[in-house]
Engineer: 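The structure follows.
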Amino acid sequence: FSLQGNGTADFVRVEEVRFSGIRVVTPAFALGPLNGQLNLAADNSLIRAWVAMADHSVAAMIYPQPAGAFKIEAGARNWSPPGFPGLVLDSMNATGILAGQQFNAGKFSAEALGMHFSGTGSVAWQPEWKLDIRLDAADGRIDRLLALLDKRIVATGMLHAQGHLEAHGD
């Protein structure tokens, strides 16, 4: 970044950029308002970025990786994933790599409906979206989980499970 005055060029190094109230709008979805901070190296490359929803329900640290990929460390509290307004995650944490059209979570954990889930997963979104989750553990009261299926089901006890879920769509 250069400024010119009196016929000379003076260079200004930008180390940090902060933003507030930004909206990201695409043909498929909109995010925001977002707050954040970018930290830049001497060569103006990204060192790290912090981005959060204005209500701080979701926040992420983003670190550049080789070959245009990014390491993402994300967390959420009292948040519903886009398209699933009936599913409120009490908490969620995920760490993974975003590369191209895919996010691979090397580990995630979430709490919802009085249950705790942990495992690994990936989300890809081209040419169609695909979700792949591998549960290492799911613990919680099964009466809360089964109550979502049918009001006539009565259950008690605890659930400890491992599993694999795949889904895809347009």
Side-chain angles (χ1 to χ4, degrees), residues 1-3 9 11-85 87-112 115-139 161-170:
F1 181 69
S2 69
L3 301 173
F11 291 93
V12 177
R13 182 175 177 288
V14 177
E15 296 178 352
E16 181 179 287
V17 176
R18 293 181 185 199
F19 56 90
S20 176
I22 299 291
R23 290 187 54 81
V24 176
V25 180
T26 73
F29 64 90
L31 288 175
L34 299 171
N35 300 333
Q37 178 176 317
L38 308 176
N39 296 104
L40 305 173
D43 65 356
N44 293 324
S45 64
L46 181 67
I47 297 171
R48 74 180 151 266
W50 170 78
V51 180
M53 298 294 287
D55 65 1
H56 294 278
S57 59
V58 179
M61 289 295 295
I62 303 164
Y63 303 92
Q65 301 293 297
F70 295 91
K71 177 181 178 185
I72 310 285
E73 297 172 351
R77 295 217 173 274
N78 301 317
W79 176 70
S80 294
F84 297 94
L87 174 61
V88 177
L89 298 175
D90 299 322
S91 67
M92 185 274 306
N93 291 295
T95 300
I97 301 293
L98 174 66
Q101 304 297 317
Q102 186 165 343
F103 176 69
N104 291 304
K107 67 177 184 175
F108 78 87
S109 64
E111 291 186 22
M115 299 190 68
H116 176 80
F117 305 90
S118 62
T120 61
S122 67
V123 178
W125 48 88
Q126 196 170 14
E128 62 182 19
W129 70 268
K130 181 180 179 186
L131 172 66
D132 185 3
I133 296 175
R134 295 190 184 274
L135 289 178
D136 294 329
D139 296 298
Q162 291 182 317
H164 181 193
L165 167 70
E166 287 188 35
H168 65 90
D170 296 327

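Not measured: the values here are computed from a predicted model. For reference, positions follow the sequence shown, starting with 1.
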Engineer: Arg23: what forms a salt bridge (Lys or Arg N to Asp or Glu O under 4.0 Å) with it, not counting sequence neighbours?
Structural biologist: none

Engineer: Could you give all pairs that pass the salt bridge (charged side-chain N to carboxylate O under 4.0 Å, His left out) test and reach residues 39-60, with sequence neighbours left out?
Structural biologist: none

Engineer: Nearest heavy-atom pair of Ala69 and Ala99: which atoms, and what distance?
Structural biologist: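 Here Ala69 and Ala99 meet closest at CB-CB, 3.9 Å.
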
Engineer: State, to 0.1 Å, how close Ser122 and Gln102 come at their nearest heavy-atom pair, and which atoms those are.
Structural biologist: CB-NE2, 3.9 Å

Engineer: Hey, what do you get for CD (Gln37) to CE (Met61), rounding to the nearest 0.5 Å?
Structural biologist: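 Going from the CD atom of Gln37 to the CE atom of Met61 covers 8.0 Å.
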
Engineer: Taking side chain to side chain contact (heavy atoms under 4.5 Å, CB included) as the definition, give me every residue that meets it alongside Asn93, ordered by chain and number, with sequence neighbours left out.
Structural biologist: Ser109

Engineer: Using every non-hydrogen atom in the two residues, find where Ile72 and Phe103 come nearest and quote the distance to one decimal.
Structural biologist: CB-CE1, 3.7 Å

Engineer: Residues two or more places apart in sequence or in another chain: which of them pass side chain to side chain contact (heavy atoms under 4.5 Å, CB included) with Ile22?
Structural biologist: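 Partners of Ile22 by the side chain to side chain contact (heavy atoms under 4.5 Å, CB included) criterion, ordered by chain and then number, come out as Phe19.
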
Engineer: Show the nearest heavy-atom pair for residues Gly106 and Thr120, with the distance to one decimal.
Structural biologist: O-CG2, 3.0 Å

Engineer: Walk me through it: do Leu34 and Met53 pass the test side-chain contact (heavy atoms from CB on, under 4.5 Å)?
Structural biologist: CA-CA 5 Å; Leu34 299 171; Met53 298 294 287; 3.5 Å; yes

Engineer: Rounded to the nearest 0.5 Å, what's the gap from CH2 on Trp79 to CZ on Arg77? Could you check?
Structural biologist: 14.0 Å

Engineer: For the pair Asn78 and Ser57, evaluate side-chain contact (heavy atoms from CB on, under 4.5 Å) and give the outcome as yes or no after the intermediate values.
Structural biologist: CA-CA 6 Å; Asn78 301 317; Ser57 59; 6.0 Å; no

Engineer: Hey, could you give me each pair passing salt bridge (charged side-chain N to carboxylate O under 4.0 Å, His left out) that has a residue in residues 89-111? Not counting sequence neighbours.
Structural biologist: none

Engineer: Calculate, to the nearest 0.5 Å, the distance between atoms CG and CZ belonging to Leu46 and Phe70 respectively.
Structural biologist: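 So the gap between those two atoms works out to 6.5 Å.
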
Engineer: Determine, step by step, whether Phe108 and Ile133 satisfy the side-chain contact (heavy atoms from CB on, under 4.5 Å) criterion, reporting the C-alpha distance in whole Å, the side-chain angles of both residues, the deciding distance to 0.1 Å, and the verdict.
Structural biologist: CA-CA 10 Å; Phe108 78 87; Ile133 296 175; 3.6 Å; yes

Engineer: Could you work out, with salt bridge (Lys or Arg N to Asp or Glu O under 4.0 Å) as the rule, every residue matching Lys71, not counting sequence neighbours?
Structural biologist: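 Partners of Lys71 under the salt bridge (Lys or Arg N to Asp or Glu O under 4.0 Å) test: Glu73.
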
Engineer: Between Ala110 and Leu89, which heavy-atom pair has the shortest distance, and what is it?
Structural biologist: CB-CD2, 4.4 Å

Engineer: Just how far is it from atom OG1 of Thr95 to atom CG of Asn104, taken to the nearest 0.5 Å?
Structural biologist: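 Here the interatomic distance stands at 13.0 Å.
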
Engineer: Step by step, work out the side-chain contact (heavy atoms from CB on, under 4.5 Å) result for Glu15 and Asn39.
Structural biologist: CA-CA 6 Å; Glu15 296 178 352; Asn39 296 104; over 6 Å; no

Engineer: Which atom pair, heavy atoms only, marks the closest approach of Val14 to Val17?
Structural biologist: CG1-CG2, 3.8 Å

